[in-house]
Amino acid sequence: MKKFIPTFLLCFATCLCLSVGWAQPVPAQVSKDDSLYLALGQKTGITQLSDEFVTRLVADKRLAPFFEKTNLPNFKLQLADQFCAVSGGPCVYKGADMKSAHANFDIAKADFNALVEVLQQAMDAKGISFRAQNRLLALLAPMHREVITVQ
Ligand code: HEM
């Protein structure tokens, strides 16, 4: 009987702990890192960046020919959603995947570099910090595999 009481109490306490969840691991909070999205000025800042970027793209002699038939207002919206989504913002990019979107164009590495240069100038013009610029470019850079179609 002397042995039974402590064993019974131990079992009872263990069952109580398990039933109220004390012994269960607390699930980690899955929170998305939206620091880049904030540094880009959230949706308003990103929309303004997209406008600035597209205005500069179509004014650039190297790049303008690619966008002759593009619906520019829609292109701006797609870009803004994409930048918002990749930077950790609450947007969903619903445009074409990068391979399909660029498949019908002859895009070389030099064209890709020219577009990155114009994006940097647009970000400078919008007062985006150097660190945020580099973070966005680092996220977009791997897309060169889907975007560049000619050697
Ligand atoms: C990381 C680099 C790039 C990103 C993130 C990007 C992103 C995008 C996005 C989001 C769209 C819209 C797709 C849609 O409407 O569903 C698009 C379309 C387009 N992109 Fe890019 N792009 C990149 C590089 C380039 C380059 C280097 C060129 C050419 C020099 C280019 C030319 C175009 C053209 C012409 C369209 C419009 C296609 C159409 O009229 O339907 N892109 N791009």
Side-chain angles (χ1 to χ4, degrees), residues 10 13-151:
L10 187 68
T14 307
C15 291
L16 191 68
C17 287
L18 286 172
S19 67
V20 295
W22 291 343
Q24 290 172 10
V26 177
Q29 277 288 328
V30 184
S31 63
K32 204 158 66 158
D33 176 7
D34 63 354
S35 57
L36 178 57
Y37 171 69
L38 297 178
L40 293 172
Q42 305 184 54
K43 195 63 198 283
T44 307
I46 290 173
T47 301
Q48 288 169 0
L49 171 63
S50 175
D51 282 355
E52 182 74 29
F53 178 39
V54 174
T55 302
R56 285 169 181 265
L57 275 182
V58 296
D60 188 296
K61 285 200 185 88
R62 300 164 296 177
L63 299 165
F66 288 98
F67 297 95
E68 268 167 4
K69 294 185 182 152
T70 299
N71 173 342
L72 296 179
N74 179 61
F75 179 50
K76 285 179 188 175
L77 290 175
Q78 299 300 344
L79 271 181
D81 272 349
Q82 189 192 42
F83 288 1
C84 168
V86 298
S87 64
C91 312
V92 178
Y93 170 65
K94 301 186 206 79
D97 64 89
M98 289 297 94
K99 203 166 178 73
S100 323
H102 301 92
N104 295 332
F105 301 93
D106 289 340
I107 301 174
K109 194 175 174 199
D111 303 318
F112 188 88
N113 291 341
L115 179 132
V116 169
E117 187 188 308
V118 172
L119 177 55
Q120 275 173 321
Q121 288 163 357
M123 290 193 285
D124 270 340
K126 287 288 151 199
I128 292 169
S129 73
F130 189 58
R131 177 170 154 70
Q133 292 192 20
N134 283 340
R135 288 182 67 195
L136 181 61
L137 292 174
L139 291 167
L140 300 179
M143 296 179 188
H144 73 88
R145 292 186 200 94
E146 285 88 53
V147 170
I148 295 174
T149 53
V150 294
Q151 291 309 309

Would you give the length of the straight line joining atom [atom1] of [X] to atom [atom2] of [Y], rounded to the nearest 0.5 angstrom?
X    : Y    : atom1 : atom2 : answer
L57  : L63  : CG    : CG    : 6.0 Å
R135 : Y37  : CZ    : OH    : 14.5 Å
H144 : N113 : NE2   : CG    : 10.0 Å
I128 : L49  : CD1   : CG    : 4.5 Å
I148 : D111 : CD1   : CG    : 8.5 Å
D34  : Q42  : CG    : CD    : 8.0 Å

For a quick test of reading the model, state the closest non-hydrogen atom pair linking [X] to [Y] and the distance between them.
X   : Y   : answer
Q78 : K94 : OE1-C, 4.1 Å
M98 : Y93 : CE-OH, 3.6 Å
K32 : G88 : CE-O, 3.3 Å

Listed by chain and number, what are the salt bridge (charged side-chain N to carboxylate O under 4.0 Å, His left out) partners of [X], not counting sequence neighbours?
X    : value
D106 : none
K109 : none
D81  : K43
E146 : none

[X]: side chain to side chain donor-acceptor pair (under 3.5 Å) partners, not counting sequence neighbours:
X    : value
T44  : none
D51  : none
Q48  : none
Q120 : none

Heavy-atom side-chain contact between [X] and [Y] under 4.5 Å:
X    : Y    : result
H102 : M143 : no
K69  : N104 : no
L36  : F83  : no
D124 : Q121 : no
L115 : I107 : no

Stepwise side-chain contact (heavy atoms from CB on, under 4.5 Å) test for L79 and Q82: CA-CA 5 Å; L79 271 181; Q82 189 192 42; 4.0 Å; yes
Sorted by first residue and then second, give each disulfide (SG to SG under 2.5 Å) pair with at least one member in [range]; sequence neighbours left out.
range            : value
residues 106-151 : none
residues 104-151 : none
residues 75-112  : C84-C91

Expected output: side-chain N71 to main-chain N74 donor-acceptor under 3.5 Å: yes
Expected output: side-chain T149 to main-chain F105 donor-acceptor under 3.5 Å: yes
Criterion salt bridge (Lys or Arg N to Asp or Glu O under 4.0 Å) on R62 and D60, from CA distance to verdict: CA-CA 6 Å; R62 300 164 296 177; D60 188 296; 2.9 Å; yes
F67: partners by ring pair (Phe, Tyr, Trp, His ring centres under 6.0 Å), with sequence neighbours left out: F75
